[in-house]
Chemist: 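Below is a structure I'd like to ask you about.
Ligands are counted one by one from 1 in listed order, and the atoms in each one are counted from 1 as well. These values consider heavy atoms only, across backbone and side chains, with no hydrogens, waters or symmetry-generated copies.
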Amino acid sequence: MSPIQVYLFTSKAASREQMRQLAQRLYTLGCAEEAVQMVDVSEQPYLAERFRVVVTPALVKTKPEPRQVLVGSDLLDQLEYWWPRWQAEKSSQPASGNSSPTPDVATLEEELTRAKLTIQQLTAQVQFRDQVLELLAHDLRNPLTAVGIALETLELTPDRTDLAPQLLHQARNQVKTLDRLINNILQVNRNQQNALQLNPQAVHLREMIELVAQSFAPQFANRNHHLELDVPEPCPPVFADPDALRRVLTNLLDNACKYTPPGGRIQISTLHSTTLKVQVTVADNGPGIPPQDQERIFDPSTRLEHQHHETGYGLGLAVCRQIVQAHYGRIWVESAPGRGSAFHFTLPVYRP
Ligand code: ADP
């Protein structure tokens with residue numbers, strides 16, 4: 001006799017309570033505790049995928065075979081109806097044998113699904129690394145070429161002593177840029193090993209921007225802010241972690257909304273700056289940021305004096321910087337007191 005085995009899929013607090021009641025009922029009907037498995041879809045998405053569960057709450061009976069999925073608000077009633085039928089199926093099937101899958105096969109199937117997902121994620125990460133590497137090589141080549149040209153000019157025109165100081169100055173500046181770029185890369189690699197675990201994939205930027213902007217509609221309406229979107233199509237997909245990117249846009253819009261006085265104007269725009277990068281800008285016509293603070297606002301816990309009446313912990317921009325840097329991008333602000341602020345960040349373009 002094959003024992004009855006069920007999975008109870010939940011996603012929200014309300015359905016969790018319903019599932020607890022269902023589990024209780026299963027126990028009183030005689031189901032063993034280990035045969036009832038509660039699954040929170042957000043924690044074990046691979047199980048939802050494996051059993052093709054698209055709505056919750058759902059009850060999936062996996063044994064005895066065949067598999068059956070019950071959904072709806074009357075799961076308790078459905079259970080009462082099906083339980084005697086499952087009992088009948090149970091007694092008609094052998095407990096083990098070659099024809100029915102043993103518990104080990106089920107576990108293996110589950111592990112296979114999980115492994116497939118991991119492979120998908122790892123492949124995306126490798127592809128992300130490859131594309132980013134190309135982008136970094138491109139960024140490094142520009143200053144290197146400039147140094148090369150300066151040195152070559154010095155070599156070819158030994159008698160132009162008037163040019164020498166300027167050329168050397170240029171070369172030194174480019175070497176500094178190279179040094180900064182390399183330090184950034186090393187820093188990001190160090191941070192990434194410690195903290196951020198990205199799941200990079202192709203993201204349609206316009207769709208994402210529209211979704212995030214929509215979620216701000218009530219706040220904008222409250223403060224009578226006027227929002228403008230300037231995201232020209234075709235805009236290439238970017239290679240980014242969607243959740244992390246949503247966080248960056250949310251933090252920047254949250255700040256624009258918070259610091260721009262009622263009636264102000266907020267603008268989100270994109271610029272396909274090179275074939276390898278896209279630049280996103282969130283601008284406002286709020287109070288602006290003094291030049292001496294424009295770098296340090298990206299440090300954790302930095303809040304400017306005059307804005308302390310607004311709520312916040314000074315972490316939003318630090319998180320933005322960490323996320324953007326993890327995508328090997330750059331984030332910065334252009335601003336002048338009383339003239340608004342424009343926060344720009346870059347992301348790698350996705351190339352299939
Ligand atoms: P928080 O908003 O929680 O203070 P952030 O890290 O998001 O933290 O921002 C740091 C500081 O940068 C803010 O306290 C504010 O002084 C300044 N700032 C950020 N965005 C803007 C903006 N759009 N306009 C003016 N000042 C800003």
Side-chain angles (χ1 to χ4, degrees), residues 184 187-188 190-192 194-196 198 205-206 208-231 238 240-271 273 278-347:
N184 279 353
Q187 185 64 45
V188 175
R190 237 170 273 138
N191 284 349
Q192 224 162 3
N194 294 339
L196 279 183
L198 295 184
L205 205 48
R206 193 188 161 103
M208 158 92 50
I209 289 175
E210 281 174 350
L211 271 174
V212 177
Q214 252 168 34
S215 70
F216 271 84
Q219 279 111 300
F220 288 146
N222 247 345
R223 289 173 64 82
N224 206 14
H225 282 145
H226 179 64
L227 176 73
E228 283 168 26
L229 291 191
D230 180 13
V231 186
V238 289
D241 180 307
D243 290 336
L245 176 55
R246 201 171 298 119
R247 190 127 180 241
V248 173
L249 288 167
T250 303
N251 286 356
L252 294 180
L253 275 181
D254 194 39
N255 280 349
C257 188
K258 213 158 58 170
Y259 299 115
T260 307
R265 205 179 61 246
I266 295 166
Q267 195 182 37
I268 312 176
S269 54
T270 57
L271 182 71
S273 54
V278 172
Q279 182 177 315
V280 184
T281 300
V282 176
D284 61 61
N285 65 347
I289 296 155
Q292 68 275 17
D293 297 320
Q294 288 175 12
E295 198 44 55
R296 69 182 194 100
I297 51 170
F298 293 95
D299 293 338
S301 307
T302 303
R303 312 203 66 214
L304 303 184
E305 278 305 311
H306 61 284
Q307 275 146 7
H308 269 178
H309 56 279
E310 298 295 349
T311 55
Y313 299 99
L315 288 178
L317 290 178
V319 169
C320 289
R321 183 171 61 181
Q322 199 196 7
I323 292 174
V324 172
Q325 284 185 343
H327 288 84
Y328 295 87
R330 192 163 87 83
I331 183 164
W332 71 104
V333 65
E334 271 180 313
S335 176
R339 309 264 299 274
S341 316
F343 285 87
H344 310 284
F345 64 93
T346 56
L347 291 169

Chemist: If you take the nearest heavy atom of each of Leu252, Asp254, Asn255, Ile297, which one is closest to atom 19 (C) of ligand 1?
Modeler: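 Heavy atom nearest to atom 19 (C) of ligand 1 belongs to Asn255.
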Chemist: Show the nearest heavy-atom pair for residues Gln294 and Ser335, with the distance to one decimal.
Modeler: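 Closest approach of Gln294 to Ser335: NE2-O, 2.9 Å.
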Chemist: For ligand 1 and Leu317, I'd like to know whether there is a polar contact (N/O to N/O, distance under 3.5 Å).
Modeler: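 By distance alone, the answer is yes.
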Chemist: Taking atom CZ of Arg206 as the centre, report whether more than 12 heavy atoms of other residues, nucleotides or ligands fall under 6.0 Å from it.
Modeler: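 Yes, the 6.0 Å shell around CZ holds more than 12 heavy atoms from other groups.
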Chemist: Measure the distances from the heavy atoms of Asp284 to every atom of ligand 1 and state whether one is below 4.0 angstrom.
Modeler: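 True for this residue.
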Chemist: Judged by atom type as modelled, is there a donor-acceptor pair below 3.5 Å linking the side chain of Asp284 to the main-chain atoms of Ser341?
Modeler: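 The answer is yes, because a donor-acceptor pair under 3.5 Å joins these two groups.
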Chemist: Return the CD to CG distance between Gln322 and Leu315, rounded to the nearest 0.5 Å.
Modeler: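 Result: 10.5 Å between the selected atoms.
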Chemist: Take His327 and Asp241 through the test side-chain contact (heavy atoms from CB on, under 4.5 Å) and record every step on the way to the result.
Modeler: CA-CA 9 Å; His327 288 84; Asp241 180 307; 4.0 Å; yes
Chemist: Heavy-atom contacts with Leu315 under 4.0 Å: which atoms of ligand 1 show up? List them by number with element.
Modeler: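 Close to Leu315: 6 (O), 8 (O).
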Chemist: Could you check whether any heavy atom of Phe298 sits closer than 4.0 Å to an atom of ligand 1, since that is the contact criterion I want to use?
Modeler: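 Phe298 does not count as a contact of ligand 1 under the 4.0 Å cut-off.
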Chemist: Rounded at 0.5 Å granularity, tell me how far CG in Leu205 sits from CG in Leu245.
Modeler: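 Leu205 CG to Leu245 CG: 6.5 Å, rounded to 0.5 Å.
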Chemist: Using non-hydrogen atoms of the residue, decide whether Ser341 is closer than 4.0 angstrom to ligand 1.
Modeler: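 Ser341: in contact with ligand 1 (<4.0 Å).
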Chemist: Give yes or no for whether the N/O distance cutoff of 3.5 Å, strictly under, is met between Gly316 and ligand 1.
Modeler: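 Between Gly316 and ligand 1, an N or O pair is found under 3.5 Å apart.
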Chemist: Show the atoms of ligand 1 that are less than 4.0 angstrom away from any heavy atom in Lys258.
Modeler: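 Near Lys258, meaning under 4.0 Å from one of its heavy atoms, ligand 1 has 1 (P), 2 (O), 3 (O).
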